[in-house]
Amino acid sequence: MDLQLYDTLAREKRRFLPLDARNVRVYVCGPTVYDDAHIGNARPLIVFDVLFRLLRHRYGAENVTYVRNITDVDDKINARAAERGVSIRALTEETYRRFHEDVGALGCLAPTHEPRATEHIAPMRDLIERLVGSDHAYVAEGHALFSVASMPNYGRLARRTLDEMIAGARVEVAPYKRDPMDFVLWKPSKPGEPAWPSPAGIATPGRPGWHIECSAMSWKHLGETFDIHGGGVDLVFPHHENEIAQSCCAFGTGVMANYWMHNGFLQVEGEKMSKSLGNFVTIRELLTSERFGARAWGGDALRLAMLKTHYRQPIDWTVAALIEAQSNLRRWRRAADGALGLERAPVPERFISRLCNDLNTPQAIATLNEICTQAEADLDAGARVDCATPDAMAGGRAAAAELVACLDFLGVAARESPAFTVDRAAVEAMLAARAAARQAKNWGESDRIRDELAAMGVVLKDSKAGTTWEISR
RNA sequence: GGCCACGUGGCGGAGUGGUUACGCAGCGGUCUGCAAAACCGUUUACCCCGGUUCAAUUCCGGGCGUGGCCUCCA
C-alpha cells in the first residue's frame, strides 16, 4: 500500500518515498509565542500529528524525525512584552508553557525536536553570509536583503511570477530595495529591541527577518534537503516561498523539501475568525471556558471535530460540529468497552489504507464507524438472552478491540478521562434504592431517583441484564 | 485588480464517468412500567448554463456564490 501525499509544489498527489527510510524527516512551522494559540493554529498541530503517527507506523517510531519550531523572536513579541510591561523572555517562556499544555490536551505527540529561533542565531548568520557571498543577497542600510531576481524559480511554489506579484502588489517598497519583492533576511535593532552581532559586515547589531529562522532550524535538525515541510495554506506565500529561496540558494540545491503539505483555512460559524467580529477563540478557551457553545470541551472532541474534515478542505468551526463529535465519542467509547480485558489488537489495514490516501481522515473515520457498528451488533446479539451466541460475543469483542486500536491511532482516548468525579458509592446506593422501588412497582419513587441522578450528571441505562450508568456531562 | 481553492441530501462530510459512503438529526420497529440507552430498518443529494460522451454530480468552458493569498495571520 503506497502512501500518497498531495504536494503543493506539484499540485497533485504523489507517492511518498523518503530520502532515507531509516530517518524520515518532517518540518512543520510552529507558533510564534506572543499569545495563546487559537483554534486555527490547532489545525496544523493536529493534522501533522496524524501524519507523524502514520509515518511512525510505516517506518518505525525511531525512524521518523519531526521538527516543529518555536519562534521566540518577532516584532509582535516585542510589542506584546512592552504592552504588558514584562520582559521578552518572561513572555515567551510563559506563552510556550501554555502552548505545551494546550497541544498536549489535543492529544498531540511531542515532536522529536522543538528548536527555538533564539538558539539558532548562528546558523541564521551563516546562511546570510553564504547568500551575500554568492550574490543572492545584498546589504543596504543595515539590512540584509534577499534578491529575488537572483533566483529564476522564485514564485514556483505559489505559482506566481514576479511580474504577477508586482502587478497586484500592495507592498510598501523600502527605498533601499533593489526589487520591490526583495525580502528582509536581517534588520537593524533599535535600542531596547533584541539584538545580536550582525552578519555580512553590517556594523550595527540586529535581528533576523521572518523567514530565515525556518531555513536555519530545518537545516540544523534535518539537513539541507529533507522529506516533508508542512504548515497552513496561508504560509505558502510568502513564508514558504522565501524559505525555499533562502535554503536552495544558500546550499546550491534545487530542493529544500521533497513534499510540501498545507492544511486548509478555518472559519468560525461561517465567518472569518477575527477579534473585531468577536468570534476569536483560543484552544485554551475551548478547553476551559464556556465561551463557545456555553460549555467547556474535551481535547478529544476538539481533535475529532478537526479530523472529521479532510485537512486540505476549508473547515467551518461550529458548536454543532463539536456536539456531533461528542456524540461520536460517546458511541465509540460505549462499544469500546466490549474490548475490556482483551489484548491490544493491531490497527486494521483497511483503516490505515484510508489514511495512506493523503491523510483521508473522514474516510478513516467512516471505516471506524463500520467497525463500531459491527461491534455493537455482535455484542448486542451475544448479550441477548434468547439468542445468545458465544461466537457473536467473541466477534463483537474482537471488533471492539479493533475499534480501540483505531481510536488509539487517531490519538483519541478510547476511554473518557474523568473530567469530574462522582461519589460512586452514593450512586450505587441510589441505584439499589431505585431497584427496590421498581421491584415494588413504586414508579413515582423510581422516577424521582432517576431524576435526582440525572441532576448529578449520571445517566441510567436499563436493560435485561440490569441497570448500568455513565457520566453524561 | 492579479493568483488560487471550494460549492454534495435537514446538517456535517467522503467519493465516483454508469453500481450503498459514513456520521448527526428525523421517521418506523424491537425492548421497556414509562422514559432513556441499545439494536434493526428507512426517507431526502450532488449551485446555474452550455459543451464532450451511449452515459456527468464526477471531464471541459462560462456564470453566480463563499473563502484564501498578494498586508511578517496556521
Side-chain angles (χ1 to χ4, degrees), chain A residues 8 11 28-32 37-48 71 74-76 155 158-161 163-172 181 183-184 187 209-211 213 230-239 241-242 262-267 270-274 304-305 308-310 312-316 318 320-328 330-332 334-335 354 357 360-370 372-373 376-381 383-384 386 438 441-444 446-447 450-451 454 459-465 467-470 472:
Chain A
T8 305
R11 293 294 197 282
V28 172
C29 291
T32 300
H38 57 67
I39 191 59
N41 299 121
R43 195 169 191 192
L45 297 172
I46 294 169
V47 163
F48 292 109
T71 296
D74 179 276
D75 287 354
K76 286 196 297 290
R159 290 272 166 108
R160 240 177 285 183
T161 66
D163 285 346
E164 284 169 348
M165 286 186 242
I166 293 164
R170 293 189 251 166
V171 287
E172 226 175 284
M181 296 312 294
F183 58 92
V184 170
K187 55 192 172 185
W210 176 29
H211 317 292
E213 72 202 60
V233 69
D234 55 323
L235 292 183
V236 170
F237 192 88
H239 186 53
E241 190 74 57
N242 291 350
H262 295 96
N263 62 271
F265 219 70
L266 174 144
Q267 285 184 277
E271 290 186 303
K272 177 170 177 152
M273 179 167 65
S274 73
L304 177 60
K308 286 179 74 164
T309 297
H310 182 81
R312 282 191 283 117
Q313 291 291 103
I315 190 171
D316 192 12
T318 63
L322 287 178
I323 292 172
E324 189 175 315
Q326 193 67 57
S327 320
N328 294 147
R330 283 173 56 98
R331 176 183 169 218
W332 295 341
R334 202 148 35 217
R354 305 296 193 199
N357 178 17
N360 198 326
T361 50
Q363 273 197 340
I365 289 169
T367 298
L368 197 153
N369 274 315
E370 285 160 9
C372 185
T373 301
E376 286 168 333
D378 287 352
L379 288 170
D380 190 64
R384 282 181 195 279
D386 48 346
R438 294 182 72 201
K441 298 201 189 299
N442 184 352
W443 309 129
S446 163
D447 291 351
R450 184 168 66 198
D451 290 346
V459 177
L460 302 185
K461 297 186 292 184
D462 293 330
S463 75
K464 276 190 173 154
T467 300
T468 58
W469 58 279
E470 66 181 28
S472 67

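From a predicted model like this one, the values you see are computed outputs, not experimental measurements. A note on names: the letters A, B, ... follow the listed sequences, proteins ahead of strands, and every chain is numbered from 1.
Checked against A37(B), C39(B), C70(B), the side chain of F237(A) finds its nearest nucleotide in C70(B). Counting only heavy atoms from C-beta on, M273(A) has its side chain closest to A74(B) among C22(B), A74(B), C70(B). Of all nucleotides listed (C69(B), A74(B), A14(B)), A74(B) comes nearest to the side chain of N41(A). Among G68(B), C40(B), A38(B), the nucleotide with an atom closest to any side-chain atom of T373(A) is C40(B). Of the listed nucleotides (G13(B), C34(B), C24(B)), C34(B) has the atom at the smallest distance from the side chain of R450(A).
The separation of G61(B) from G18(B), taken at their C1' atoms, amounts to 24 Å, rounded to a whole angstrom. Comparing the P positions of G15(B) and U52(B) gives a spacing of 29 Å, expressed to the nearest Å.
At the heavy-atom level, G231(A) lies under 4.0 Å from the strands shown only through sugar-phosphate atoms. Using a 4.0 Å heavy-atom cutoff across all strands shown, N328(A) reaches sugar-phosphate atoms only and no base atom. Nucleic acid contact for T367(A): none, since no nucleic acid atom lies under 4.0 Å from a heavy atom of the residue. Within the nucleic acid shown, R438(A) comes within 4.0 Å of at least one base atom, counting heavy atoms only.
In this structure, CG of D316(A) is placed 20 Å from P of G65(B), rounded to the nearest angstrom. The CZ atom of R160(A) sits 13 Å away from the C1' atom of A5(B) (whole-angstrom rounding). Taking atom CG of L45(A) as the reference point, atom P of A74(B) lies 10 Å away to the nearest angstrom. Nucleotide A36(B) holds its P atom 16 Å from the CH2 atom of W443(A), rounded to whole Å.
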Review point. Yes or no on side-chain hydrogen bond (donor to acceptor under 3.5 Å, both in side chains) for R159(A) and T8(A), after CA distance, side-chain angles and deciding distance?
Key: CA-CA 10 Å; R159(A) 290 272 166 108; T8(A) 305; over 6 Å; no
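A donor atom on one side chain and an acceptor atom on the other are not found under 3.5 Å apart for D74(A) and W210(A).
Across all strands shown, G10(B) is found opposite C24(B) as a Watson-Crick or G-U wobble partner, with both distances under 3.5 Å.
Listed pair S327(A) / C24(B) fails the phosphate criterion, with no side-chain N or O lying under 4.0 Å from OP1 or OP2.
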